[in-house]
Amino acid sequence: MLKVGLTGSIAVGKSFVLGVLAELGCHVIDADKIAREVVEQGSAGLNSVREVFGDAVLNSDGTLNRATLAEIVFADESKRTKLNSLLHPLIIAAQDDRIRELALHDPSGIVIIDAALMIESGGYRRLEKLIVVYCRPEIQLQRLMSRDGLSREAAERRINSQMPQEEKKKFADFLVDTSIDFDNTRAQVEAVYRQLLEISTSNQ
């Protein structure tokens, strides 16, 4: 099974690209979904987060208050690093379990693992190819402000807390620029898929 990473900075259009790849027949693993699962109520992940960050990051029903946790970690790099060190091993283990399940049923398929911090965490190294999604900085800023209802200052702070887009692009086997429109992006994704199909076929 061909294992492919999909990454990019916040609000650059990764979800749309992932959706197109799924439509084209790729298996997809959404790291954000897995990240939510590993901190579900009663999980070891949530207990670890509570021990480090305190009850302030919990809702009254004992579930994780993501907005509060995000405010804490986006404002303090050391706390963000600590959170990542707690959760990344759990997320990687869950991803690997999913990959093994998929490979049993479709050994010649293509699986796309979508994760925002794949480069920063080093997770891309265990995959065979990497797709980096990006867009022009001013478009990224507007998308983030619109999507999350953030002020310009808050949006810039979140963007600046991540690895710069230009740096991420250096790690890519394939690049997808979402700056223009959906049709243009879809055409780029279809071209990448055709290349992945060729690689997958040649590996068999």
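Positions are given from 1, in the same order as the sequence printed here.
- The two residues V39 and A35 have their closest heavy-atom pair at CG2-O, 3.3 Å.
- L196 contributes atom CG, which lies 10.5 Å from atom CD of E128 (distance to the nearest 0.5 angstrom).
- Residues R136 and E166 are not paired through a salt bridge, judged by the lack of any N-O separation under 4.0 Å between the basic side chain and the carboxylate.
- In the hydrophobic clustering of this structure, I91 groups with L69; members are Ile, Leu, Val, Met, Phe, Trp, Tyr whose side-chain heavy atoms approach within less than 4.5 Å, directly or through other members.
- Residues passing the side chain to side chain donor-acceptor pair (under 3.5 Å) test with E40, sequence neighbours excluded: none.
- By the rule that hydrophobic residues join a cluster once side-chain heavy atoms approach within less than 4.5 Å of another member, V111 and V28 end up as members of separate clusters.
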(request) Before giving the answer on side chain to side chain contact (heavy atoms under 4.5 Å, CB included), spell out for I113 and L6 the whole-Å C-alpha distance, their side-chain angles and the decisive distance to 0.1 Å. (result) CA-CA 6 Å; I113 299 96; L6 176 72; over 6 Å; no
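- Counting all heavy atoms, side chain and backbone alike, S85 lies closest to P89 at O-CD, 3.3 Å.
- Atom CD of residue Q162 and atom CZ of residue R157 lie 13.5 Å apart, to the nearest 0.5 angstrom.
- A donor-acceptor pair under 3.5 Å is formed between the side chain of N59 and the backbone N or O of L64.
- With hydrogens and angles ignored, the 3.5 Å screen pairs no side-chain donor or acceptor of S200 with any backbone N or O of L197.
- The pair D55-R50 counts as a salt bridge, with a side-chain nitrogen and a carboxylate oxygen less than 4.0 angstrom apart.
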(message) Could you go through D183 and R186, starting from their C-alpha distance and side-chain angles, then the distance that decides it, and tell me whether this counts as salt bridge (Lys or Arg N to Asp or Glu O under 4.0 Å)?
(response) CA-CA 5 Å; D183 289 342; R186 180 180 291 275; 5.4 Å; no
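- Here E156 pairs with R152 in a salt bridge; the nearest charged N to carboxylate O distance falls below 4.0 Å.
- Residues I34 and A94 share a closest heavy-atom pair of CG2-CB, 3.6 Å.
- Taking the side chain as every heavy atom from C-beta outward, L117 and H88 approach each other to under 4.5 Å.
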(request) Begin with the C-alpha distance, continue with both residues' side-chain angles, and end with the deciding distance and a verdict on salt bridge (Lys or Arg N to Asp or Glu O under 4.0 Å) for R98 and E37. (result) CA-CA 13 Å; R98 300 275 171 89; E37 290 171 3; 2.6 Å; yes
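- Between D114 and K33 there is no salt bridge, since no side-chain nitrogen of the basic residue lies less than 4.0 Å from a carboxylate oxygen of the acidic one.
- In this structure the side chain of E77 never reaches within 4.5 angstrom of the side chain of S161, judged on heavy atoms.
- If you take CD on Q142 and SG on C135, they are separated by 11.0 Å, rounding to the nearest 0.5 Å.
- When the side chains of ILVMFWY residues are joined at heavy-atom separations under 4.5 Å, either directly or via intervening members, I29 and I110 end up in two distinct hydrophobic clusters.
- A distance-only check finds no donor-acceptor pair linking the side chain of S146 to the backbone of R143 [under 3.5 Å].
- The NZ atom of K79 sits 14.5 Å away from the CG atom of N84 when rounded to the nearest 0.5 Å.
- Rounding to the nearest 0.5 Å places CG of D30 at 9.5 Å from NZ of K14.
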(message) With side chain to side chain contact (heavy atoms under 4.5 Å, CB included) as the criterion, how do I92 and D96 come out once you've worked through the C-alpha distance, each side chain's angles and the decisive distance to 0.1 Å?
(response) CA-CA 6 Å; I92 294 292; D96 287 345; 3.8 Å; yes
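- Applying the ring pair (Phe, Tyr, Trp, His ring centres under 6.0 Å) definition to pairs two or more places apart or across chains, those involving residues 163-204 are F16-F182, Y124-F171.
- Taking the side chain as every heavy atom from C-beta outward, V132 and L130 approach each other to under 4.5 Å.
- Atom-to-atom distance recorded for H27:NE2 and L2:CG is 11.5 Å, nearest 0.5 angstrom.
- The closest donor-acceptor contact from the side chain of Q41 to the backbone of D61 lies under 3.5 Å.
- Of the possible polar contacts, none joining the R158 side chain to the A155 backbone as a donor-acceptor pair under 3.5 Å is found.
- Paired with I131 under the rule side-chain contact (heavy atoms from CB on, under 4.5 Å), one option of L18, T7, L21 passes, and it is L21.
- Side chain of T178 to backbone of V12: a donor-acceptor contact under 3.5 angstrom is found.
- Between the Q188 side chain and the D177 main chain, a donor and an acceptor come within less than 3.5 Å of each other.
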(request) Step by step, work out the side chain to side chain contact (heavy atoms under 4.5 Å, CB included) result for S9 and K168. (result) CA-CA 8 Å; S9 298; K168 288 193 176 192; 3.8 Å; yes
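- A donor-acceptor distance shorter than 3.5 angstrom exists from the side chain of Q140 to the backbone of I10, with no hydrogens or angles considered.
- Here the side chains of R66 and R36 are in contact, with some heavy-atom distance below 4.5 Å.
- Taken together through direct or relayed side-chain contacts under 4.5 Å among Ile, Leu, Val, Met, Phe, Trp and Tyr, I159 and V133 form parts of separate hydrophobic clusters.
- Other residues, nucleotides and ligands contribute over 12 non-hydrogen atoms within 6.0 Å of the CD atom of E138.
- No side-chain donor-acceptor contact under 3.5 Å links T68 to the backbone of V57.
- For the pair G5 and M118, the tightest heavy-atom approach, listed with the atom from each and the gap, is CA-SD, 3.5 Å.
- The hydrophobic cluster containing V38 also contains V52, counting ILVMFWY residues as joined when their side-chain heavy atoms lie under 4.5 angstrom apart, directly or transitively.
- In this structure, Y134 has no ring-ring contact (aromatic ring centres under 6.0 Å, His included) partners at least two apart in sequence or on a different chain.
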(request) Evaluate the side chain to side chain contact (heavy atoms under 4.5 Å, CB included) criterion for residues L127 and V4: first the C-alpha distance (whole Å), next the side-chain angles of each, then the deciding distance (0.1 Å), finally the verdict. (result) CA-CA 6 Å; L127 308 174; V4 181; over 6 Å; no
